[in-house]
Asker: 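Quick one: this structure, given as structure tokens, is what I'll be asking you about.
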Amino acid sequence: MAIPDSFIEEVVSRNELEPLVSTYVRLKTRGRTRVGLCPFHGEKTPSFTVYTENNSFYCFGCGAGGDVITFVRRMENLDYVDAVKFLADRAGLRMPEQGVNDAVSKLRVRVLEANREAARFYHAMLTDPKGTVGLQYYRGRGYTDSTIRHFGLGYAPDSGWALRDALRAKGFTDEELIAAWLCKRSERGHLYDVFRGRIMVPIIDIRGNVIAFGGRVLDDSKPKYINTSDTLAYKKSDNLFALNFAKSSLGKMPDGGTQLILCEGYMDVIALHQAGFTNAVAALGTSFTAEHARLIARYAAEVVLTFDADAAGQKGTGRAIDLLRETGVRIKVVRVPDGKDPDEFIKNNGAERFRMLMENSANDVEYRLLELGRQFDLATADGQARYLKGAAELLAGLSSPIERDVYAGKIAAEVGVTKSALLDQIRQVGRRRARKQEGQQLSQAVRQSAAAVKKVNPEAETHWRAARAEEALIGLLIRNPDYIGRVADALPPDGMVTAFNRTLYGLLVTRHQNGLLVEPSLLSAELEVDGMAYLARMVQEAGERANTPEEALRCAAVITEEKRRLAVQESTTSDEDIEAYLAKLRQEKK
């Protein structure tokens, strides 16, 4: 049974979109709307728009859009039912008992339950003779028993079926274990454990659910790490390791600020937490992504990068700086001496020395200028020229004119050139980059918007005139549901040309005839997130049209005309029939 409309209306009314979005995105007022950097794609110019008057959002860059339920589905990687549950919990509402018999939602719950039991199994193995090697490894790294318990660390025995048998005994099916990525099936059809002979680190989300695992070998064999692949409960780009612990320490810094320490891997994070730096986190997966950057920006105003000093670590630092810069957070970079990682430095020098490194660390601009200076011989004219060219490229990317002016002054004084000459060079680079970026963003927006429509309504590309009229009509009817009865008399649902819009229009007409509302939030149960984005675009564009019954009927007439034209093209009628049809159209237009 579907979730009742009355409950959906209550959930939506208790969860205004703007305050919810503001917990993920920094919004600024622009006229009657609120705008910010889109959380669903990387951008430097805000194109993500929240419409407070109708509790909806739309991104003009990537085409994402919809209502508050759709926003949660995208941000939290949830299906429709779980998104409603998320919002209901947020509002203190209890889901109706009849609920929805949703197989996907139930499987996700079982995946989480299997993960929890697997974490308990792996942790318990540390006190089993088969897991002694895992416990010795942790103690060899200097982890205390308290730290091992705190992070729920464990060990996967070097067996192909130990976890499988343990979870089968607890009632989990083979399909559930495969869905959780805890087991796989061999070519012969036998089920076996994914993680074997590895120390196990559970990944826990901010709500306390075990959503995945990272497994590390005890020797130098490859692959060094195996990480859970994306599942119904886990998407690596949407999570940070130890954020469930780190978020509780935000706002408790000496100056009351909100700061996160970003490390390269699990082990550095665990070592930092044990040393008292409980605001440390790490990205999940092989690289730091734009999604990770936006997640950090939700929780912290400042991030301290503590990547390893090797080539891979420095490359990762540069990538993280570029992505974090786009979110507006302050960035500092710790350079650990002698090429050591944070874990090793703390073991050799203590937590207080590492704290001093953090306090004296350079910000991201200073760090990059220092790294740039190491590449050239600044005692030569050629080295200075190449350094200044690189510095101009770097400073042109700063959004703050004050920052550009300050750093230009420092660099000019150090190298022995005039500040005005360097600023002129920076402005030239900035103008060239802006022209290129505007062209790229425009073409990207056009491509993404077209791709989104093509994915949801592929017939729109072939029948573009009919599709545009259908989109305008549906948008007008959602904004003005009292027009539906009159329009339905002129255009029955099967009169629509494209299949997606035919289904959507039929849904509007049916709901209206049954006395039900046609709010987007009440339609989202019937549509996937891409469909909701398409619908959101229709509604927003309808706001720019004449919202009159006559305009709605005009759109209906265009659709009817296109339907007739297509019928003639597809028929095998005679030339006389076609001429009669064209004469009829001419008569109707008089």
Asker: When rounded to the nearest 0.5 angstrom, what distance separates CG in Leu135 from CG in Leu126?
Answerer: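 One finds 5.5 Å between CG of Leu135 and CG of Leu126.
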Asker: Quick one: do Arg368 and Glu371 make a salt bridge, cutoff under 4.0 Å?
Answerer: no
Asker: Would you name the heavy atoms of Val68 and Leu17 that are closest together and state the gap between them?
Answerer: CA-CD1, 3.7 Å
Asker: Does any non-hydrogen side-chain atom of Leu388 lie less than 4.5 Å from one of Glu393?
Answerer: no
Asker: Can you tell me if Lys347 has over 12 outside heavy atoms packed within less than 6.0 Å of its NZ?
Answerer: yes
Asker: Please find the pair of heavy atoms, one from Leu37 and one from Thr327, that lie closest to each other, and give the distance.
Answerer: CD1-CA, 4.4 Å
Asker: Does some side-chain heavy atom of Asp343 sit less than 4.5 Å from a side-chain heavy atom of Arg141?
Answerer: yes
Asker: For residues Met358 and Gln259, determine if any side-chain heavy atom of one lies less than 4.5 Å from a side-chain heavy atom of the other.
Answerer: yes
Asker: Do Ile69 and Val12 pass the side-chain contact (heavy atoms from CB on, under 4.5 Å) test, and can you show the C-alpha distance, the side-chain angles, and the key distance before you say yes or no?
Answerer: CA-CA 8 Å; Ile69 298 174; Val12 172; 4.3 Å; yes
Asker: Does the side chain of Leu20 reach to within under 4.5 Å of the side chain of Arg90, using non-hydrogen atoms?
Answerer: yes
Asker: If you compare all heavy atoms of Leu262 against all heavy atoms of Val303, which two are closest, and at what distance to 0.1 Å?
Answerer: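 Nearest heavy atoms, Leu262 then Val303: CB-CG2, 3.9 Å.
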Asker: In the structure I gave you, are the side-chain heavy atoms of Asn239 and Tyr234 within less than 4.5 Å of one another anywhere?
Answerer: yes
Asker: Does the structure place the NZ or CZ of Arg294 under 6.0 Å from the centre of the six-membered ring of Tyr24, at an angle of no more than 45° from the ring's axis?
Answerer: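 Pair Arg294/Tyr24 does not count as cation-pi.
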Asker: Can you establish whether the number of heavy atoms outside Glu16 located under 6.0 Å from its atom CD is more than 12?
Answerer: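 At most 12 heavy atoms, drawn from other residues, nucleotides or ligands, come within 6.0 Å of this atom.
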Asker: Could you tell me if the side chain of Leu305 sits less than 4.5 Å from the side chain of Ile321, heavy atoms only?
Answerer: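 Result yes, sub-4.5 Å side-chain heavy-atom pair found.
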Asker: Could you please spell out the steps behind the ring-ring contact (aromatic ring centres under 6.0 Å, His included) verdict for His150 and Phe245?
Answerer: CA-CA 10 Å; His150 182 67; Phe245 299 130; 4.0 Å; yes
Asker: Could Arg427 and Asp424 be called an ion pair, given the rule that one side-chain N must be under 4.0 Å from one carboxylate O?
Answerer: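 Result for this pair is yes, salt bridge flagged.
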Asker: Decide whether Ser521 and Ser524 meet the rule of one side-chain donor and one side-chain acceptor closer than 3.5 Å.
Answerer: no
Asker: Kindly give the heavy-atom pair with the smallest separation between Gly134 and Tyr155, and that separation in Å.
Answerer: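 For Gly134 versus Tyr155, the nearest heavy atoms are CA-CD1, 3.8 Å.
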Asker: Measuring only between side-chain heavy atoms, which start at C-beta, is Arg139 closer than 4.5 Å to Asp145?
Answerer: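 In short, these two side chains touch, coming nearer than 4.5 Å.
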Asker: Any Lys/Arg nitrogen of Glu403 or Arg325 sitting under 4.0 Å from an Asp/Glu carboxylate oxygen of the other?
Answerer: yes
Asker: I need the minimum non-hydrogen distance between Leu372 and Phe376, along with the two atoms involved.
Answerer: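 So the two residues come closest at O-CD1, 3.4 Å.
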Asker: Taking it one step at a time, do Phe213 and Tyr122 satisfy ring-ring contact (aromatic ring centres under 6.0 Å, His included)?
Answerer: CA-CA 10 Å; Phe213 293 91; Tyr122 292 139; 5.4 Å; yes
Asker: Do Arg330 and Asn363 have side-chain atoms, one donor and one acceptor, less than 3.5 Å apart?
Answerer: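 On atom types as modelled, these side chains do not qualify, holding no pair under 3.5 Å.
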Asker: Can a donor-acceptor pair be found between the side chains of Arg216 and Tyr266 at a distance below 3.5 Å?
Answerer: no
Asker: Are Glu414 and Lys410 close enough for a salt bridge, meaning some N to O gap below 4.0 Å?
Answerer: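 Looking at Lys410 together with Glu414, the answer is no, because their closest N to O distance does not fall below 4.0 Å.
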Asker: First locate atom CZ of Arg386, then atom CG of Asp377, and finally report the distance between them rounded to the nearest 0.5 Å.
Answerer: 10.5 Å
Asker: Assess the residue pair Leu357 and Phe345 against the criterion (side-chain contact (heavy atoms from CB on, under 4.5 Å)); give the C-alpha distance rounded to whole Å, side-chain angles, the decisive distance to 0.1 Å, and a yes or no.
Answerer: CA-CA 10 Å; Leu357 281 182; Phe345 182 86; 3.5 Å; yes
Asker: Cut-off 3.5 Å, side chains only: do Glu18 and Tyr51 have a donor facing an acceptor?
Answerer: no
Asker: Is the distance between the ring centroids of Phe277 and Phe354 under 6.0 Å?
Answerer: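 Centroid separation for Phe354 and Phe277: below 6.0 Å.
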Asker: Apply side-chain contact (heavy atoms from CB on, under 4.5 Å) to the pair Arg198 and Leu218, showing each step before the final yes or no.
Answerer: CA-CA 6 Å; Arg198 293 173 179 268; Leu218 303 180; over 6 Å; no
Asker: Hey, are the side chains of Tyr387 and Ile411 touching, using non-hydrogen atoms and a 4.5 Å cut-off?
Answerer: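 Yes, close enough: below the 4.5 Å cut-off.
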Asker: Ignoring hydrogens and geometry beyond distance, is a side-chain donor-acceptor pair present between Ser361 and Glu366 at under 3.5 Å?
Answerer: no
Asker: Take Asp530 and Arg74 through the salt bridge (Lys or Arg N to Asp or Glu O under 4.0 Å) test and state the conclusion after the steps.
Answerer: CA-CA 10 Å; Asp530 290 324; Arg74 283 185 175 272; 3.3 Å; yes
Asker: Going by an N to O cut-off under 4.0 Å, is there a salt bridge joining Glu528 and Arg73?
Answerer: yes
Asker: Rounded to the nearest 0.5 Å, what's the gap from CG on Asn244 to CG on Asp205? Could you check?
Answerer: 7.5 Å
Asker: What do you reckon, are the aromatic ring centroids of Phe48 and Phe57 less than 6.0 Å apart?
Answerer: yes
Asker: How close do Cys263 and Asp268 get, counting heavy atoms only, and between which atoms?
Answerer: CB-CB, 3.9 Å
